[in-house]
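These notes concern the structure reproduced below.
Owing to the predicted nature of the structure, the values given are computational and were not obtained by experimental measurement. We use all heavy atoms of the structure for the numbers below, so side chains are in, but hydrogens, waters and symmetry mates are not.
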Amino acid sequence: MKVSRLFLGLVMFVSLTTVGCSNSSDKGKVVVHKTGNPTAEEVLKLDIEADIFQFNGVIYQNGINWVEKLTLTKGEQVGEIKTKNVTDTNFKDEMSNKLPVGAKIFSVKEKEEIGGPILLVESEDKLYKYYGLVEG
C-alpha cells in the first residue's frame, strides 16, 4: 500500500513536470542555427583598424598575438592582393583594406604542425603573418 502511494506520487510528479516544462507552441518545429566564418563587416565592426584580407572565402587578420610569436617558413605563392578596399566592408577574394595591390600571398611550410589557417604576405620586403578567421 505504502509502495503504491509512493509510486503514484512519483508518476504524478514526473507527469506534471513534463507537461509544465514543455513548450507546446514549438512542437513539430525544427530550428536550425547556421554559423559561418566571420565576414569583413563583422571583423571591422569589432575593430575598425583591423588589418584584413579575404582569400578563398576566408577573412585573414594580422596582429593576432599568438600567431606573431610563431616561427614560420614561407611556402609557395598561392595568390596576391588584387584590390584594396578602404571604403566599405563588402570584400571579395584577394581584397585587402591595408595591404597594397600586388602584395604576394604565401602558404606556410609548417601547416601540419600549426593546426590553423595561417598565410604569409610579402609586402615592401617584409613578411606579415595572417590568421584565417574560421568558425569551428
**Report entry** Which atom of Gln54 lies closest to which atom of Asp93, heavy atoms considered
**Finding:** NE2-OD1, 3.1 Å
Query - Chi angles and distances behind the side chain to side chain contact (heavy atoms under 4.5 Å, CB included) call for Ile105, Ile81 - result: CA-CA 7 Å; Ile105 305 169; Ile81 299 300; 3.9 Å; yes
Query raised in the report: What pairs with Lys45 under salt bridge (charged side-chain N to carboxylate O under 4.0 Å, His left out), at least two apart in sequence or on another chain?
Result: none
Report task. Name all residues meeting the side chain to side chain contact (heavy atoms under 4.5 Å, CB included) criterion together with Lys98; count only those two or more places apart in sequence or in a different chain, and write none if there are none. Result -> Glu49, Asp51
Report task. Would you please name every residue forming a side chain to side chain donor-acceptor pair (under 3.5 Å) with Thr73, sequence neighbours left out? Result -> Glu110
Report task. Nearest 0.5 Å please: distance from the CG atom of Leu119 over to the CZ atom of Phe53. Result -> 5.0 Å
**Report entry** Derivation and outcome, side chain to side chain contact (heavy atoms under 4.5 Å, CB included), residues Val121 and Leu99
**Finding:** CA-CA 9 Å; Val121 177; Leu99 292 165; 3.7 Å; yes
Report task. Apply ring-ring contact (aromatic ring centres under 6.0 Å, His included) to Phe55 and list each qualifying residue two or more places apart in sequence or on a separate chain. Result -> none
Report summary line: With sequence neighbours left out, the residues meeting side chain to side chain contact (heavy atoms under 4.5 Å, CB included) with Asp88 are Asn85, Asn90
Report task. Could I get the full list of side chain to side chain donor-acceptor pair (under 3.5 Å) partners for Asn56, not counting sequence neighbours? Result -> none
Query - Apart from Leu44 itself, residues in the same hydrophobic cluster as defined by side-chain heavy atoms under 4.5 Å - result: Val43, Ile52, Ile59, Ile64, Trp66, Val67, Leu70, Leu72, Phe91, Met95, Phe106, Val108, Ile114, Ile118, Leu120, Leu127, Tyr131, Leu133
Query raised in the report: With Glu124, which residues qualify under side chain to side chain donor-acceptor pair (under 3.5 Å), at least two apart?
Result: none
Query - Heavy-atom check, side chain of Val58 versus side chain of Tyr130, under 4.5 Å - result: no
Requested in this report: Could you list the residues that satisfy side chain to side chain donor-acceptor pair (under 3.5 Å) with Lys92, not counting sequence neighbours?
Outcome: none
Query raised in the report: What salt bridge (charged side-chain N to carboxylate O under 4.0 Å, His left out) pairs are there with at least one residue in residues 57-77, not counting sequence neighbours?
Result: Lys74-Glu122
Query - Closest non-hydrogen atom pair, Glu80 against Glu94 - result: O-CB, 3.2 Å
